There are 2 protein chains.
Amino acid sequence: MDGGDTKPTKRKPARSASRGVTMEAVGRMAGVSQVTVSRALSDPSKVSAATLRKINEAIAATGFVPNAIAGALASSRSKLITALVPSITNIVYAAMIRAFSQRMREAGYQILLSETGFDPAEEERTIATHLSRRPDAILLTGIHHSPQARRMLLASGIPVVEVWDFTDSPIDICIGFRHVETGRAAAEFAVERGDTAAATISAGDERARRRKAAFSEHFTRLTGTPVAEIDFDEMATVARGRKGMARLIDDHGFTSGIVFCSSDVLAHGAIIEATKRGFAIPGDIAVIGFGDQEFAGDVEPPITTIKVDLEAFGRTAADALLRRFEGSSTPDTAIDLGFEIIRRQSA
Amino acid sequence: MDGGDTKPTKRKPARSASRGVTMEAVGRMAGVSQVTVSRALSDPSKVSAATLRKINEAIAATGFVPNAIAGALASSRSKLITALVPSITNIVYAAMIRAFSQRMREAGYQILLSETGFDPAEEERTIATHLSRRPDAILLTGIHHSPQARRMLLASGIPVVEVWDFTDSPIDICIGFRHVETGRAAAEFAVERGDTAAATISAGDERARRRKAAFSEHFTRLTGTPVAEIDFDEMATVARGRKGMARLIDDHGFTSGIVFCSSDVLAHGAIIEATKRGFAIPGDIAVIGFGDQEFAGDVEPPITTIKVDLEAFGRTAADALLRRFEGSSTPDTAIDLGFEIIRRQSA
DNA sequence: CTGTTAGCGCGTTCAT
DNA sequence: ATGAACGCGCTAACAG
């Protein structure tokens, strides 16, 4: 075929279904080659002013949008970060991811987000599909992952950030706080207040349970008094906070003392229920929440809570990654951002 | 070089920095070609049981994870959907996206999510970068987009889903409800209740303002009474709900009537403030919210609100897309999912 | 059932 | 300052 050709020609298949404008097409229109278009986009200073102008005109005329897929394949940098969170409707994770996304976006990265719903097996599967996108980094919530997941992560060779929990031996980078410490601190806070009875209401998260367990253990150690515990497997809601408090009162005869809730939402519900039943907050029953959510200081009574700086987690994680991308030789492996008890009126 | 070769050999560059295992490598280990590996993964029935086994062994041994970037480039199907929402920390959008994601994930798609923060210019920029990822579809919040954005979207030729608002002439597919109608319905509800005075508190969203405007206009038309309006540019919070109610009482002398809030969060704050000042809800002041959020039925008094089925938006959007991917010839262009007034005790 | 060949659209050399 | 050639890792025909 092509018998008369002097040099082998590449067959250009008839482009019926337009798949989108290519750099090649832009170049043709501007009278330059594809590479020049590429350069004009990645580093305009490498192209003469005249051709740059023509290229920009061609881009405008064609509505060209670069194909990041092809770019990623060629350069093996995807400008993509993937992130796994237990739940995107949980404000705690959403706020963290928002701060992270904003910072990363400013640096030219985009975020592929998935929910794992607290299930390690689901997390493992999701990690695999995320890795197939060849992200430039991956962000995980928590520090507990299946062995297979760890293996895949390590094998991928990409930076891994674990947030929202803390360990001295992270896979790679870790930004978080010690959940157990929050429980201990709350127990100490209760004892200092003079509480001699305590209960807990927790929901949803494995980390919430760890906080609760630490609270109970420490409170019992300090006072010798056992702690009544109400647990919900499902996510925290105001309704469950109410139900938890109702059970504490009805089933455990809890009518005086402090209630440690694993989230402000639960605390809010608990306060509503106790108030409705005529208990004084914090006079009869004191309540301490977790998260310092938007509403915590504005309901009645304002909720005493444990605050963690969600935005800081996101920002710090992004900054650590960005530094790593720039080839920092001394990676910040583990950062404990701590927490703070915000004393308001509910306890 | 390679002087003695009988046929041209492809130069295999020395792979020092392992970029990840390839199908080629897996195939070598299994004693088959790269394509066979590809087939084993995409359609195992096209491969003999024996080779399938060997390939799976090789995959397990190497920890191979397919490169979706390369796959997308070759097939021009990315299995990626990108989505734009005003805010990911707003439960309304988060819940919608969650439902959408889950459905799409079951079908093998992943979601690239970005926040646009109610800014059309930002949306336009974000659409461009999203389009560069060559998604199989794009989901937008709302129906108002810049002309340039519309052009890019149309030019891309990919399915576009607009959610959370309704128009008869969508870019492509539209799933939502008529915000103006909710305001009208609330006004009618108020008049039927016998309210002769009304006020509004709104925040954040352009659509919230449209709901509010429709409420005010309709209420005034029905009763002849003007409506006091409090607006916040920032997002809805309990604090702003309280402040809004405070201003209504202090600045507008509003001590009796109904308050239409653009979100349950605002309504919650408004109720707290009014209650604290000794007003009876709904006896003195009635409050109606929007969203039927998790807590709406569990605070005191339970909040009367306008409910829209967020999960249904997400699911329906996903289903419409999936049907479109399967080549449905009769696309469902515009679906109005409506809304519902949930009467509880606050109004 | 399996292999060969030819791109997908771009970044990356290496020339000029 | 610009271009030619090549390959990133995979899917899509087309052979056999």
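The shown structure was predicted, so the numbers you read here are calculated from the model rather than taken from an experiment. Numbers restart at 1 for each chain; the letters A, B, ... are given by sequence-line order, proteins then strands.
- B/S114 places no side-chain N or O within 3.5 Å of a backbone atom of B/L84 that could act as its donor or acceptor partner.
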- Task: Assign a letter to each nucleotide of nucleotides 10-16 of chain C from its 5' end: B, base within under 4.0 Å of a protein heavy atom; S, sugar-phosphate only; -, no contact.
- Result: BBB----
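- Distance, A/L73 CG to C/dG9 C1': 9 Å, rounded to whole Å.
- At a threshold of 4.0 angstrom between heavy atoms, the contacts of B/T36 are confined to the sugar-phosphate backbone, with no base atom among them.
- To the nearest angstrom, P of D/dG9 lies 15 Å from CG of A/L131.
- Using a distance-only test at 3.5 Å, with no hydrogens or angles considered, a donor-acceptor pair links the side chain of B/S78 to the main chain of B/R134.
- A 4.5 Å side-chain heavy-atom check between B/T116 and B/I127 finds every atom pair outside the cut-off.
- Of the possible polar contacts, one joining the A/R105 side chain to the B/E115 backbone as a donor-acceptor pair under 3.5 Å is found.
- Of the residues in residues 47-57 of chain B, B/V47, B/S48, B/T51 come within less than 4.0 Å of DNA chain C through at least one heavy atom, sorted by number.
- Contact check for A/D136 versus A/L321: no side-chain heavy atoms found under the 4.5 Å cut-off.
- Side chain of A/T62 to backbone of A/I59: a donor-acceptor contact under 3.5 angstrom is found.
- Counting any heavy atom pair closer than 4.0 Å across all strands shown, B/S132 reaches no nucleic acid atom.
- Taking a cutoff of 4.0 Å between a charged side-chain nitrogen and a carboxylate oxygen, B/E326 and B/R323 do not qualify as a salt bridge.
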- Query: Does the side chain to side chain contact (heavy atoms under 4.5 Å, CB included) test come out yes or no for A/M96 and A/F100, once each step is laid out?
  - Reply: CA-CA 6 Å; A/M96 199 167 64; A/F100 179 75; over 6 Å; no
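- In the helix from C/dC1-D/dG16 to C/dT16-D/dA1, the terminal helix axes, each the rotation mapping four pairs' C1' atoms onto the next four within five end pairs, subtend 30°, rounded to 10°.
- Here the CD1 atom belonging to A/I69 is positioned 7.0 Å from the CZ atom belonging to A/R133, to the nearest 0.5 angstrom.
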